[in-house]
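Just so we're on the same page: letters track the sequence lines, and every chain starts at 1.
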Amino acid sequence: MTHPGLIAASWLIARKDLAIEFRTRSAFLSALILSLLAIVIFYFAWDPTAIGAADLAPGVLWVTFTFSGLLAMHRSFGVERQDGAIEALLTAPIPREAIFLGKAFANLLFVLGVQAIALPAVAIFYNLPVGHALAPLAVVMVLAAIGLVSVGTLLGGLTANTRLGELLLPVLALPFFVPVVMPAAQVTAHLLAGRPIAEAFAWIRILLAFDLVFVYLCTLVFPLTLDD
Amino acid sequence: MTHPGLIAASWLIARKDLAIEFRTRSAFLSALILSLLAIVIFYFAWDPTAIGAADLAPGVLWVTFTFSGLLAMHRSFGVERQDGAIEALLTAPIPREAIFLGKAFANLLFVLGVQAIALPAVAIFYNLPVGHALAPLAVVMVLAAIGLVSVGTLLGGLTANTRLGELLLPVLALPFFVPVVMPAAQVTAHLLAGRPIAEAFAWIRILLAFDLVFVYLCTLVFPLTLDD
Amino acid sequence: MTPLLEAESLGRTFGARRAVDELTFSLDPGECLALFGPNGAGKTTALRLLAGLIKPTTGTARIGATRLPDLAARSRVGLISHRSLLYDALTARENVHFSARLHGLTDATAATTRALEALRVGDRADVPVRALSRGLQQRVAIARAIVHQPDVILADEPYTGLDESGSAALTGLLQERRAAGAALIVVTHHLQEGLALATHAAILRSGRFARYERAAGLDLLRYAAEYRELVA
Amino acid sequence: MTPLLEAESLGRTFGARRAVDELTFSLDPGECLALFGPNGAGKTTALRLLAGLIKPTTGTARIGATRLPDLAARSRVGLISHRSLLYDALTARENVHFSARLHGLTDATAATTRALEALRVGDRADVPVRALSRGLQQRVAIARAIVHQPDVILADEPYTGLDESGSAALTGLLQERRAAGAALIVVTHHLQEGLALATHAAILRSGRFARYERAAGLDLLRYAAEYRELVA
Amino acid sequence: MTSAPAAPPVRRPDWLLLAAFAVVAAAYVRAIWFTPPDLLQGYAQKILYVHAPSAWVAFLAFGLTAAAGAFWLFLKDPRLDRFAESSAEVGVVFNTAVLVSGPLWGKPIWGAWWVWDARLTLTLFLWFLFLGYLVLRGAIADRDARARYAAVLGLLGAALIPFIHLSVYLFNTQHPLPVVANTQGIQMPPVMAKTFFFAFFAFTFLYVALVRSRYALATERDALDDSANGDD
Ligand code: HEM
Ligand SMILES: Nc1ncnc2c1ncn2[C@@H]1O[C@H](COP(=O)(O)OP(=O)(O)OP(=O)(O)O)[C@@H](O)[C@H]1O
Ligand SMILES: Nc1ncnc2c1ncn2[C@@H]1O[C@H](COP(=O)(O)OP(=O)(O)OP(=O)(O)O)[C@@H](O)[C@H]1O
Ligand SMILES: [Mg+2]
Ligand SMILES: [Mg+2]
């Protein structure tokens, strides 16, 4: 009987989370429908004669991702709180970082799944030619998703912790979203506007940097949000 | 000892909900975060040379409200589920409609609260002069909020009892938001463009009709979503 | 005279599982039924049916003349569930007061204080329920359930988590309500605890009464032995 | 020989309230402490401290040589909390199996089945926990807590909601672990229940030990009487 | 207490369904070989004979689903709920057919996959309603609750349709579409018209047949989990 290592434990937790999600397959389906709906509804929030679809798409895309992402993170800790299940994780002989990584990973899959559907949807409904920029877009989305999820999972942990949830911490976490989502939105705008990818490289490099920093930082900070 | 009437009971429940919300600001905070986040994202995804602020702002505003609204509705029944508190309401000698009206009212205040902060935020970010159209804007917002909240609260109750909870709510609710968000956004655009509100009466009529129909309908069917 | 609490072939199935299977019985004012039975026998489900919380699949339940879940019937029932039914962000006082108001008490504040005192949590009444220990929460839960002095009290393992003084307070309170003409059902796994109050005793097994009798003549040890083999 | 479980002036305050006030004691392998005390005395907090769930404000707790909340220490503790610590969307088996895996059991599946059988819920192991009655859930919760055969078992009112057979199963299980050299702490409000297992007995009052002694020589009735006046 | 699951009844070929497919095939043979291609659109226009009838069936299906739900609320007849379920599932298929055939057609004709025309948008949201309806059903275990919630959602959806149509219509009239769409008014030579209506008949027939067989499935499933262990 040896304790599972960081990776093994994280994987266990991720699998458990996904199991709960898919206990009713519809959990993921509804996340997809949700993002589709958001995209469609937003079309009507603007005056199409005044604004070209291509100008809106990036904002719409990223608001949608952020929202469905936050939903996932919120959910992933709601599950733990229910009957104090989180305490079972805390008493288990696993590094607390594993809890973060496990949940972050589950959330990442969730968000990526949503993106995989949302992007084509935007392309069709806002009839945008994304084909030419697909590869760079995909890269940006994955990078941004990683950042979004790492910060969001941390935030989820904060708000799920009743003690901290009542403090202003959630608000304090807001600024950390901006540097993740903002470049993503800008690059997307660049690409959809058909501008050369070269321009975007700078942004992508920034995104990469943010990911590295935030994944590391959040993993580090997360345990602090748990122990009481 | 006489049982409280419909209004009295609704008021009791609304007050209780608000009291809880004030204790644990978590929901209101996350709603604010979301709103600000949406505003920020659109701001950075925005190419000022292509789109005028006055064209972009209304959409941003209403996208924001849609999401923060959803959050409110979800919260409002999450609170009841925690230690089975909803069962206390169900065993109490009050008409079940009161639960709906009470919660809807609390949610209404919640959404209006978010709006009260989001509107100035948008005005500042996109430096728009909203002053001149404040009164009609307020009217539209209240009308729209009523629509969002009535349907949202009902569906919130519905989904709270399902296995999917917060994920399902937006899926069911968003289609119902179309006839609310669209008119609201259009009217807002009118007003921000400084055009006379008279042009937008058709939209306002739709809003009014929606409110009347769905407030009534939802109050009517809500009890069906409770008794097991 | 019509019984205060009446169940007529009351039944509830979950999927294919008959949690409660056509129970028929009635309690007059001042009567107290001690309801025993193994885990999963259907005790909680039975109480939830009688509280009008879930719909029966068969039969009906009545409080006095009115059928559940009618408003008039609900107003006379007090349910002590095994969940606290409290808002843990609110204080004990706020929780109980809210319940009192919902039941239309005119002197809600006084009634609240009285109920909290009766369970000896008056001194902790103004901290969020979340910050209370389990036993203290149970006391608040009980206070919430009986603040409107119900004619029918349905208690699902009400002694859970209570210490000596808490148990004493609860027993006293139940006796008092009984003397005032209320009908009680007390679910518990401790025969002694249950029989102390009871005028009737029943054993539920897979949704049916395996036994139902007056408690008066019962000898605890004999009953315990018989219960054990009945369940085994 | 170093004790298996050791607390050194272990204390925890919530705001101004000293929930646990500088407790110092230790248990050797095969010892079992029955921990009594009124509601709000600090029993649950004490167990949560010993499980490494909350940080002490004073003092330290050790399992064997390693300090809590070190990983090596946590791996040897099993906590039966008064919340189920289960995911109610998952089945009993999935819950226990998950816990087994988290503790790095190589034969997780076998261990899971064994634990569930030991608590006699094998036949209901494959329905979502949500659909189980309270007592059945408690059995699953216990199975989850002991599936990795911990050296230290911290049981917070573990008999809650259990029927005769459930209680018997639990008692048997605890005795077995004790015989295997585990150290136990059992919190309960029923002196008899507690003393049945105990090698030591302690009474906690507002965070401090009011009494702490060997259980061997204790006479139940006398002890009960003294407890009552001690607490009053 | 798990009784043996009922043996699934032996499958007989579903003659009605086969017949329906035959008729649809016939409609197509007629559409492709015996009906002249559209002057402007050429063979692309053949899509019409899937497209429009599917749209009609989709709306029909939703109407009947909502109606069945509404009636269920009063009659509580499980058959109504099963019908609603079947109709919804079949409807979503036809609705999807419209949403696929439409864009396929639109790309060559309009040069765009999608146009925010009132009729299109309405179809799209109808599809969303269908999906939401089915997901909701999938998320509820208890049969009665499932039927009730579904009925409620159906009612609301029915009330929503006109609002969506109205607002989208207004949206478009206020500022003309970026791409010219003309899905208004059907002027076609009588041959085409005959084929067109034959196709309508064929698809409606297919709907009936599909619902019938899906209904049989639902009946079977209910019978199955009546005999199965009904937890969740
Ligand atoms: C309410 C649902 C719908 C109905 C009843 C419907 C019905 C029809 C009818 C009768 C026509 C033939 C009109 C003509 O030939 O002039 C048509 C054409 C067409 N529809 Fe639809 N349709 C519906 C939804 C859709 C959707 C969702 C799309 C998706 C893009 C779509 C795309 C088209 C296209 C591209 C044409 C051929 C272009 C044209 O004739 O203008 N329709 N539809
Ligand atoms: N919501 C539900 N869904 C499915 N089955 C349920 C549900 N609630 C209860 N059951 C089943 O009904 C039976 C009776 O449950 P109930 O809670 O009434 O038992 P109980 O007598 O209260 O047991 P305990 O002594 O453990 O509290 C159990 O087998 C339980 O699994
Ligand atoms: N999270 C918390 N915040 C504030 N106070 C707390 C918290 N948890 C416990 N307390 C307080 O600490 C004291 C001890 O609580 P604890 O739960 O340990 O008591 P206990 O002995 O377990 O009582 P019981 O027998 O009712 O379970 C109580 O007064 C309680 O109100
Ligand atoms: Mg029970
Ligand atoms: Mg305790």
Side-chain angles (χ1 to χ4, degrees), chain C residues 14-15 17 19 36-48 81-83 119-121 123-124 127-128 130-140 156-157 159-169 187-193 203-205 207 224-225 227-232, chain D residues 14-17 19 36-48 81-83 119-121 123-124 127 130-140 156-157 159-169 187-193 203-205 207 224-225 227-232:
Chain C
F14 294 104
R17 178 174 299 277
F36 307 114
N39 293 140
K43 306 181 293 297
T44 297
T45 307
L47 291 197
R48 290 168 61 78
S81 161
H82 56 55
R83 298 163 75 192
L119 282 132
R120 306 177 194 166
V121 273
D123 56 326
R124 300 299 300 277
V127 297
R130 188 190 309 113
L132 291 178
S133 78
R134 177 202 215 164
L136 296 173
Q137 282 188 14
Q138 177 70 3
R139 295 176 185 217
V140 179
D156 195 352
E157 306 185 30
Y159 289 93
T160 301
L162 293 182
D163 62 7
E164 295 250 345
S165 92
S167 308
V187 169
T188 168
H189 292 292
H190 284 84
L191 300 179
Q192 193 172 7
E193 221 170 50
I203 297 176
L204 204 61
R205 195 179 49 186
Y227 173 53
R228 213 165 287 113
E229 75 190 26
L230 200 60
V231 168
Chain D
F14 294 105
R17 176 172 302 275
F36 307 114
N39 294 139
K43 306 181 293 297
T44 296
T45 308
L47 291 198
R48 290 168 60 80
S81 161
H82 56 55
R83 297 163 76 190
L119 282 132
R120 307 178 193 166
V121 274
D123 56 327
R124 299 299 299 278
V127 297
R130 187 193 312 111
L132 293 178
S133 78
R134 177 202 213 164
L136 296 174
Q137 282 188 15
Q138 177 68 5
R139 295 176 186 214
V140 179
D156 194 353
E157 306 186 28
Y159 289 94
T160 301
L162 294 182
D163 62 8
E164 294 251 345
S165 91
S167 308
V187 169
T188 167
H189 291 292
H190 283 83
L191 301 179
Q192 194 173 5
E193 219 170 51
I203 297 175
L204 204 62
R205 194 180 49 186
Y227 173 53
R228 213 167 286 111
E229 77 190 24
L230 200 61
V231 168

task = For G40(C) and S133(D), work out which heavy atoms get closest and say how close.
result = N-OG, 3.4 Å
ask   = When only pairs under 4.5 Å are counted, which of L162(C), L136(C), T44(C) shares the most heavy-atom pairs with chain D?
value = L162(C)
key: Option in R134(C), E157(C), R228(C), H190(C) with maximal non-hydrogen atom pairs under 4.5 Å from chain D   = R134(C)
request  = Identify which part of R139(D) has an atom lying under 4.5 Å from any heavy atom of chain C, answering side chain, backbone, both or neither.
outcome  = side chain
request  = Give, as side chain, backbone, both or neither, the part of E193(D) having an atom under 4.5 angstrom from any heavy atom of chain C.
outcome  = side chain
request  = Return yes if some donor-acceptor pair links the side-chain N/O of N39(C) with the main-chain N/O of G161(D) below 3.5 Å, else return no.
outcome  = yes
Min side-chain heavy-atom separation E164(D)-Y227(C) under 4.5 Å = yes
